[in-house]
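Take a look at the structure below.
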Amino acid sequence: MKSYSRTSRIADQMQRDLAQLIRTEVKDPRVGLVTIQSVDVSPDYAHAKIFFTQLGDAKNAKACTDALNHAAGFLRHQLAARIGLRTMPVLHFAYDESVERGIHLSQLIDTAIRSESDPGAEPGQ
């Protein structure tokens with residue numbers, strides 16, 4: 001059995017704390033309802049890439065990403081107060097498109113199944 005590494009534990013703690021901090025402390029209107037999907041911490045703890053999704057319109061993802069990256073210094077400082085690390089990673093936020101891709105693929109599969117079951121139907125309906 002593989003042990004649960006220190007990097008994984010730190011990433012999990014960062015994910016929980018960031019979710020709460022973004023919800024309660026970030027007041028930027030470009031940041032809506034954000035869900036932290038995962039946190040990848042580099043082995044030397046210098047950088048952390050935070051993948052998030054946003055409820056609602058995916059077209060606002062760029063503005064939300066910019067807002068979160070703008071607040072990254074503040075969030076890093078707040079995390080440092082909560083997590084006792086000698087080196088707090090620099091935070092890099094990235095929009096996670098995998099959920100949208102999954103929904104799109106699911107819709108394509110549903111369309112293909114419907115067109116096979118009803119040969120008279122036109123594709124895309």
Side-chain angles (χ1 to χ4, degrees):
M1 182 174 141
K2 185 178 177 184
S3 67
Y4 195 52
S5 72
R6 182 170 191 255
T7 306
S8 297
R9 289 192 308 270
I10 290 170
D12 288 346
Q13 185 65 45
M14 287 178 69
Q15 182 176 355
R16 286 189 297 272
D17 289 348
L18 278 170
Q20 184 180 13
L21 285 169
I22 291 169
R23 186 176 63 249
T24 60
E25 301 294 328
V26 175
K27 304 300 182 197
D28 194 316
R30 297 175 292 175
V31 178
L33 295 174
V34 170
T35 301
I36 305 297
Q37 295 294 327
S38 67
V39 176
D40 291 338
V41 179
S42 64
D44 62 353
Y45 306 112
H47 298 275
K49 191 160 188 181
I50 297 101
F51 296 95
F52 72 93
T53 57
Q54 183 180 18
L55 186 66
D57 195 6
K59 295 174 187 172
N60 297 329
K62 172 77 170 108
C64 185
T65 302
D66 291 343
L68 287 172
N69 281 315
H70 181 73
F74 168 76
L75 292 169
R76 182 180 184 211
H77 179 74
Q78 294 296 315
L79 277 176
R82 292 176 177 223
I83 302 173
L85 287 179
R86 192 175 329 152
T87 303
M88 181 55 63
V90 176
L91 306 179
H92 307 279
F93 289 88
Y95 185 71
D96 187 1
E97 297 175 350
S98 63
V99 174
E100 285 179 27
R101 279 195 306 265
I103 291 170
H104 178 69
L105 287 174
S106 179
Q107 290 171 344
L108 289 174
I109 291 168
D110 290 344
T111 302
I113 290 172
R114 268 186 268 132
S115 67
E116 282 183 4
S117 64
D118 186 10
E122 292 182 28
Q125 288 185 354

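We use all heavy atoms of the structure for the numbers below, so side chains are in, but hydrogens, waters and symmetry mates are not.
- The side-chain heavy atoms of Phe93 and Leu75, taken from C-beta on, include a pair separated by under 4.5 Å.
- Counting heavy atoms from C-beta outward, Leu91 and Leu79 have side chains that approach closer than 4.5 Å.
- Between Thr7 and Ser42, the closest heavy-atom pair is CG2-O, 4.4 Å.
- Rounded to the nearest 0.5 angstrom, Thr65 OG1 and Asn60 CG are separated by 10.5 Å.
- Note that NE2 of His92 and CD1 of Ile50 are 8.0 Å apart. Values are rounded to the nearest 0.5 Å.
- Residues Pro89 and His47 approach most closely at CB-C, 3.7 Å, considering heavy atoms.
- Looking at Arg76, its side chain does come within 3.5 Å of a backbone N or O of Met88 through a donor-acceptor pair.
- The backbone N or O of Thr53 sits nowhere less than 3.5 Å from a side-chain atom of Gln37 that would complete a donor-acceptor pair.
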- request: Please step through side-chain hydrogen bond (donor to acceptor under 3.5 Å, both in side chains) for the pair Gln13 and Arg16, ending with a clear verdict.
  value: CA-CA 5 Å; Gln13 185 65 45; Arg16 286 189 297 272; 2.7 Å; yes

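- Hydrophobic clustering (ILVMFWY, side-chain heavy atoms < 4.5 Å, transitive): Leu68 and Leu21 are in one cluster.
- Not one N or O on the side chain of Thr87 forms a donor-acceptor pair closer than 3.5 Å with the backbone of Tyr45.
- With values rounded to the nearest 0.5 angstrom, Gln54 atom CD is found 11.0 Å from Arg30 atom CZ.
- Put simply, Val26 and Val90 are part of two different groups of oily side chains (I, L, V, M, F, W, Y) that touch within less than 4.5 Å, one to the next.
- Residues His70 and Asp66 are not in side-chain contact: their nearest non-hydrogen atoms beyond the backbone lie 4.5 Å or more apart.
- Closest heavy-atom contact between Glu25 and Phe74: CB-CE2, 3.8 Å.
- Side-chain contact between Val31 and Phe52 is absent, with no heavy atoms from C-beta onward closer than 4.5 Å.
- A salt bridge does not link Arg114 with Asp110: every distance from a Lys NZ or Arg NE/NH1/NH2 to an Asp or Glu carboxylate oxygen is 4.0 Å or more.
- What you find for Ala94 and Lys49 is that their closest heavy atoms are CB-CE, 3.7 Å.
- Remark: Ile22 CD1 to Thr35 OG1 distance equals 9.5 Å, nearest 0.5 Å.
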